[in-house]
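Chain naming here is simple, since letters A, B, ... match the order of the sequence lines and numbering starts at 1 in each. None of these values were measured; they are calculated from a predicted model.
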There are 2 protein chains.
Amino acid sequence: MNEVRTIAGKNGRRAPRAREVADSLTRAIHEHRLGPGMKLSEDEVGEIFGVSRTIVRAALQQLSHDQLVMIEPHRGAFVAQPSVREAREVFEARALLEPRTARSAAERATPADIAILRRHIAEEHAALAEGRDGQALRLSGQFHLDIARIADQATIAEFIGQLVSRSSLVIALYWRRRNALCESHAHDALVKALAEGDGPLAEDLMKGHLLDLLSSLDLREAPAQPRSLKEALGGE
Amino acid sequence: MNEVRTIAGKNGRRAPRAREVADSLTRAIHEHRLGPGMKLSEDEVGEIFGVSRTIVRAALQQLSHDQLVMIEPHRGAFVAQPSVREAREVFEARALLEPRTARSAAERATPADIAILRRHIAEEHAALAEGRDGQALRLSGQFHLDIARIADQATIAEFIGQLVSRSSLVIALYWRRRNALCESHAHDALVKALAEGDGPLAEDLMKGHLLDLLSSLDLREAPAQPRSLKEALGGE
DNA sequence: GGCAACAAGATCGTATACAATAGATGATTG
DNA sequence: CAATCATCTATTGTATACGATCTTGTTGCC
């Protein structure tokens, strides 16, 4: 848990630091450097980022609102461990939101938007090629968020952002096959549809892509061993 | 602004108080006792509820995440004033989520669920009859949230809860005709469809209901005079 | 008379200190 | 030897204190 500091190095400006801490933690969760069930002690996190517990608490509350961490009263904050049921719900919500949003995005996408998407996909491929699986996963989620933003729907984008985050936890818990490459092509096809302004196709592709993602999970069994802290240390 | 204390009276238990404060404020906003643009000073709110600024800050941050209040750095927290654009986004998101959710609810609703819905509708009518418009509005929103819960979709229910809250602000800003009765019948029809387990009908009714709601707003003009604090006081 | 610079006041941002609770450790007893 | 209970430590919940920043009222100058 000691390689989380990512952004924490310089605290040159005195901007709202809680946001920074929350973002760092969110990123760490997205990249699977923090796994489900890990305890986030206020003192510990505070020391890592060089801030007071006040800031850490604010950050953890934010993450709690995004359902990324569970705060148990008088116990502490833990990275969330979505149940099978929650996992299904997350993907059902995505199925409701994302296809139609992809269609809107296709109707509005500008060449600049397409360029950004292609760049993110390229980064994702590069990360995968270099074995930085965590970053690849995060960028893969970023792609979905980009589409929502292209659709020019800030509210829906916010929801999708939360869902993508939670999906990252779901994947950490229920992922079946480790060769995650399959979905890259789905993203490529989607970008193509967006570039051509083909709304209905984009909607269909997104719907199928989400179904593929869901079917690549193993949601029939128990939480795939909810790792406790000692287990995390024991594996080392 | 001094009739907000609703729940604050007795602080007998020492449960997580930030949640209580947040809930009270949320309720006050739902009932239009706190209007868009009102300033929520930390000291003031803290004094009203008899808690420290620490608690108030946590509560305000929660509301900020729900987009119910805007926190401007070094300025303070204000009840949000959704722009025309945000107002549209809120209803577009609802249009994506609620109809399908209503369909699911129709397929799962138990007699007990229907009873709860009918009870809430009855309360809503009663509140309207007695001129307690604010509570009627809140209960009207509660109805939509109930449906999401009946659909057994906690995640989507959470989103709809946020959207309903924001809708309350939108209504405060852009409501055109004051005779709010029209929608009651829509709710009655919806309950009927749910009771009969008619999913497609429920979906259609919900879609139409949301369109009606949207069309009863005046979203063509500027923020319908974003009431400043002095205006709020001047009207009294 | 209007505008700009300055000072005073208020409010927020953060850190720290204290109180309360949960969990662990060890002793004690059946 | 196992189970239970008391104490003790570690961590969270809350309040308060201090420093930073913005707003506002005033003053002086143009």
Check each of A/Leu68, A/Ile55, A/Leu25 against A/Leu60 using the side chain to side chain contact (heavy atoms under 4.5 Å, CB included) test, and report the only one that passes.
A/Leu25
To the nearest Å, give me how far apart NE2 (A/His74) and C1' (D/dT12) are.
7 Å
Please state how far atom CZ in B/Phe78 lies from atom C1' in D/dT23, giving the value in whole angstrom units.
11 Å
Under a 4.0 Å heavy-atom cutoff, the residues of residues 51-61 of chain B touching DNA chain C are B/Arg53, B/Arg57
For A/Glu42 and D/dT14, give me the distance from atom CD to atom C1', rounded to whole Å.
12 Å
Gap between atoms CG and P, on B/Asp43 and C/dC12 respectively (whole Å)
7 Å
Round to a whole Å and report the spacing from CD of A/Glu47 to P of C/dA15.
14 Å
Between side-chain atoms of residues 157-166 of chain B and protein atoms elsewhere (two or more places apart, or another chain), which donor-acceptor pairs fall under 3.5 Å?
{"residue": "B/Ser165", "atom": "OG", "partner": "B/His30", "partner atom": "NE2", "Å": "2.7"}
{"residue": "B/Ser165", "atom": "OG", "partner": "B/Gly161", "partner atom": "O", "Å": "3.2"}
{"residue": "B/Arg166", "atom": "NH1", "partner": "A/Thr155", "partner atom": "OG1", "Å": "3.4"}

Let me know the distance between CZ of B/Arg17 and P of C/dT21, rounded to the nearest Å.
12 Å
Check whether any side-chain nitrogen or oxygen of B/Arg75 sits under 4.0 Å from OP1 or OP2 of D/dT23, and answer yes or no.
yes
Rounded to the Å, how far apart are A/Lys39 NZ and C/dA22 C1'?
10 Å
Qualifying residues under salt bridge (charged side-chain N to carboxylate O under 4.0 Å, His left out), relative to A/Arg100, sequence neighbours excluded:
none
Residues in side chain to side chain contact (heavy atoms under 4.5 Å, CB included) contact with A/Ala59, at least two apart in sequence or another chain:
A/Val21, A/Ala22
Can you tell me how far C1' of C/dC12 sits from CZ of A/Arg19, to the nearest Å?
17 Å
Please identify each residue that fulfils side chain to side chain contact (heavy atoms under 4.5 Å, CB included) with A/Gln61, with sequence neighbours left out.
A/Ile71, B/Ala58, B/Gln61
Taking only residues two or more places apart in sequence, or in another chain, which ones meet B/Glu92 in a salt bridge (charged side-chain N to carboxylate O under 4.0 Å, His left out)?
none
